[in-house]
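Everything below concerns the one structure shown next.
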Amino acid sequence: MENGYKMYRDKVIEYLDAHENWRSSTINLIASENITSPSVNRAVSSGFMHKYAEGWPRQRYYQGCKYVDEVELIGVDLFCKLFGSDFADLRPISGTNANQAVFFGLTQPGDKAIVLHTSHGGHISHMPFGAAGMRGLEVYTWPFDNEEFNIDVDKAEKLIRELEPRIVVFGGSLFPFPHPVKELAPVAKEVGAYVMYDAAHVLGLIAGKQFQDPLREGVDVMTASTHKTFPGPQGGIILYRNFGDDVAKLQWAIFPGVLSNHHLHHMAGKVITAAEMLEYGEKYAAQIVKNAKALAEALAEEGFKVIGEDKGYTESHQVIVDVSDLHEAAGGWAAPLLEEAGIILNKNLLPWDPLEKVNTPSGLRIGVQEMTRVGMLEDNMKDIAVFMRRVLIDKEDPKKVEKEVAEYRKEYQKVYYSFDYGLPMKE
Ligand code: DSN
């Protein structure tokens, strides 16, 4: 019997279709997103989404997990192989959830933590108003060198010795250059601190051996989300070395501490993505970094003020542009205008911006990992820079540019570096 609610089902499906059609006709440069392969989509839409599986594989609190267990065990092996870690925990359901688990497992309320400030590119979960603060940590922030766009090593070393924190946290969300882990991890160890690295943004680059290798540089525990440069479904992961008795505390913090059931369909998607990255990760990550550098150079040639020129602009998937001289509302004006033209990215505070400028910051943060995955190469980056120049510098009608962007995207619809489509170019 009709109850009149079907229209809502139809509406939702209509929006889903509209979103998917729109996204595949835009140039998505959000640095924290990516696109999954058909194989991963199969996992995410599988019947694993209907299961409960608390605890460890083969020691569950629920019956009916025999296939789930096999997938999770394959996943643990693949992730340990990919990252050279002693342990891999696929259960966190987001990067923030992974960070929460580490803070709850390895620290006590009142312990000191040193983290990257959000103004300098740190993640909100590291801050007093985020997961670290919720754990009751006394949060201090790394001294930052604006010129180097990185943590100031000398001042940081002094700060570690002065504070003797329980945990130091590297990594963040605005992350063009590797952090000085090998310089500072030994100092942190000297004062008895845990060394944590939030690899949410750069996990795929680390997997592909194109960024720093945190676990070899002195990191005890690496957290990440699984859907940025690591092109999996939304989720989290913790990769860690065997640091003794506290391993059990960390594991207890994950379950039953900060989650009960993990999302098994996403877990299966992470496992397939790990296999994709073992097979194709080095090529994918290398192309991401080449594309980021190419886009930075092209944007500079088109007249944009790109951060980090004297350092080669970027060593990650990110390109950072200061648009403050183009308009007083800077990124707060530029990002929505680009969206009208089908170029999707986000405004971002730059390290020298006051916090009050959070809605009108000076910067734009650009990530090339998704466009790389659909097969774009360095020459495409030049075309993207031209589209951006036409909108932001030449002030062309964004609607006109949007039509051209949609036409341009038609050729880039396959998800490469996957078992479904292989590589985008001939080897
Ligand atoms: N806030 C996300 C980002 O865009 O970097 C990470 O959680």
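These numbers come from a predicted model, not from an experiment. The first residue in the sequence is number 1, and the count goes up from there. In each ligand, atom 1 is the first atom listed, and ligand 1 is the first ligand listed.
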Go through ligand 1 atom by atom and flag the ones less than 4.0 Å from a non-hydrogen atom of Ser173. 5 (O)

Counting each atom of ligand 1 from 1 as listed, which ones have a heavy atom of Ser32 under 4.0 Å away? 3 (C), 4 (O), 5 (O)

Describe, in one word, how the ring planes of Phe170 and His179 are oriented to each other, choosing from parallel (under 30°), tilted (30 to 60°) and perpendicular (over 60°). tilted

I need the atoms of ligand 1 closer than 4.0 Å to a non-hydrogen atom of His201, numbered in the order shown. 3 (C), 5 (O)

Quick check on contacts: which atoms of ligand 1 are under 4.0 angstrom from a heavy atom of Arg365? 3 (C), 4 (O), 5 (O)

Using the six-membered ring wherever Trp is involved, compare the ring planes of Tyr240 and Phe87 and label them parallel, tilted or perpendicular (cut-offs 30° and 60°). parallel

Ligand 1 contacted by Glu33 (non-hydrogen, < 4.0 Å): no

To the nearest 0.5 Å, how far apart are CG in Leu295 and CE in Met371? 12.0 Å

Identify, by atom number and element, the atoms of ligand 1 in contact range of His123, meaning under 4.0 Å from any of its heavy atoms. 1 (N), 6 (C), 7 (O)

Phe175 vs Tyr197 aromatic rings, parallel, tilted or perpendicular, using cut-offs 30° and 60°? tilted

Would you say OH of Tyr52 has more than 12 non-hydrogen atoms from neighbouring residues, nucleotides or ligands within 6.0 angstrom? no

